[in-house]
Amino acid sequence: KPIERERRSEAKFWDYDDSQKYLMQFGYLEKSNIETGNLRTIEELEQAVRSLQRFGGLKETGTVDEETLALMQRPRCGAPDDKDSLDFRPSYEVRLKRSRS
Amino acid sequence: RRYVIQGQKWQNPIVTYSLVNQTMSELDAGQVRRILHEALGLWAQHANINFREVYSTDADIQVMFARKFHGDGYNFDGPGKILAHAFYPGTGIGGDAHFDADEKWLLNEPLDAEGTRLFDVAVHEFGHSLGLGHSSQQDAIMFPWHHISYRGKDTIPEDDRLGIQSIYGPRKKIYGKNPERHTPSTTTTTTTTTPAPPPRPTTRPYYPVKNTTGHPWEGLYPHGRPYTTRRTTTTTTERSHHREDEETRYRTQLPATTETTTVRHRPHHRPHHRTTTTTAMTTTTTTTTRRPYRHRTTIHPNPCNTSFDAITLIRNELFIFKDRWLWRMNENDLHRPTPFEIHRMFFGLPADFERIDTVYENKHQKIIFFIGKQYYVFNSQYLEPGYPRPLTDLGLPDSIERIDAALVWSHNNRTYLYSGRLYWKFDEDTNRVELDYPRDMSMWRGIGYNIDSAFQYRDGKTYFFKGRGYWRFNDMNMSIAHEYQKSSARRWMKC
């Protein structure tokens, strides 16, 4: 099926697993699935790609196209993009803040 | 999304920073320090915050060049892709900025040179160290992907300026002086008088020993160096609370705060009599060997007012460990049984151990104790031959000084080992940790770092313990199921 083969060739640099790891690493996908092994819906994946494209100033297609792949391979900061990501903050302060609220 | 504020900010009027590993051979430390100073100075020009360089492990912002696994659970990946990362303001690792030593850093080269300008990345990372998150404005300094954001103009992009000023306010004008002449106090770096710390071992990557503001539970970095209390804005009560808590964690029991129990010892047992004198801020324990007593008063911790070193099910019975003592809780008993010394049930532990770090029963019905950098495998009550062995036999890095907790997780019945900010999944069949680890503890949302213990109870739920309280964990959400329960004693010690 040429369409299927063509789509697959787009990701020749990077397989879908790398894309998922990238999206988890920078806060676009829940990381906990790594441990729980919960499966993801295609909508969840497409939404994550759209968020990344929006943050990076690309057209929001929801699929990992050439521009999105290029963005994923650009040098960047290792901190996650998701503003709610608590990864880079001492988490007991988070609890303190929550208990205060 | 425009600029994002991460909620934390530095309270102290002057934020100190330090380049931790100055022995970086590839880069000239003097040039690097100049660039760090300029990068911080750029933020100081636009917000009411001041910086001072120190050369000690007391700094709020510790800057480090590291490669691959460097102890914070966020490994670097070699040249390209991830250049650096930084942590939002806070104690412990909060505020620190780490740069990938495998990158080709440009210090003075012109803009068009091949490589990554350290200044651009440093300005971005210090934005995180001050509390800013990433911005989707492509020209902003806080845009996640590397770009030349600042070309020496006298101001920073508006998005960044509004962001930093919403946290610290605009730079205060000094009246009565010629404002043009007044430059932000960051430009005057006073070289600190604190003596340079002793040269660090270059054998393995140096980890900054960070301090904590007296939070009683922060204990150790993964490589086991303890935090020292630093000059902080915390009140003395908090600090004395911290010191007191710190001591309860490590000192032998004092009669004042614990029940006294007389435990008869077999005459051949040569008891060591421990006297503990506590001066203002230190506890010294002198041990003298006396002639054997027929019995001696031995003090165990107050079970209704203590944290646990370990809590686990062994042969479906609940065991709670604290210092040299264990409680064997039977579900049907109404009252708490009298504790007894661990080495009177498990034969083969070192005679002089003060406490165990953790213990669990694996799927082969062996009982595994972790003490310091070693682990002990027991077949029922007897130590198996060939033990103890070092943690590195399990595939753990040599920098790990102890295991905080060992858990057979109720979700998948796999074994997890926790130490400091990191955790590993352990394969009982190969007897080694799995390859894709360690990972950062933030995966177990709400639990935090440096936990005391964790186990799966008979109800099939997983519980995490830290300090004197605990959480029940929601496996499907990978987060705590309820707020921190301040007292474990009622639920687990039948107090």
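Values in this document were obtained by computation on a predicted structure and should not be read as measured data. These numbers come from the heavy atoms of this one structure, side chains and all, not from hydrogens, waters or symmetry mates. Throughout, a chain's letter reflects where its sequence line sits, starting with A, and its residues are numbered from 1.
With a threshold of 4.5 angstrom between heavy atoms, B/Asp475 approaches chain A through N, CA, C or O but not through any side-chain atom. Contact of B/Arg414 with chain A is not made at all, since no heavy-atom distance falls under 4.5 Å. For B/Met142, no part lies near chain A; criterion is any non-hydrogen pair under 4.5 Å. B/Glu125 touches chain A through its side chain: at least one heavy atom from C-beta onward sits under 4.5 Å away, while N, CA, C and O do not. Using a 4.5 Å cut-off between heavy atoms, B/Tyr423 touches chain A through its side chain atoms alone.
Judged by distance alone, the side chains of B/His124 and B/His134 do bring a donor and an acceptor atom under 3.5 Å apart.
Options B/Met478, B/Met441, B/His128 differ in how many heavy-atom pairs under 4.5 Å they form with chain A, and the most are formed by B/Met478.
In plain terms, the two heavy atoms of A/Gly27 and A/Pro80 that are nearest each other are N-CB, 4.1 Å.
Because its NZ or CZ atom is both nearer than 6.0 Å to the ring centre of B/Tyr437 and within 45° of the ring axis, B/Arg439 counts as a cation-pi partner of that residue. Judged by the 6.0 Å and 45° rule, B/Arg67 forms no cation-pi pair with B/Phe76.
Between B/Phe426 and B/Trp424, a ring centre-to-centre spacing not shorter than 6.0 Å is recorded.
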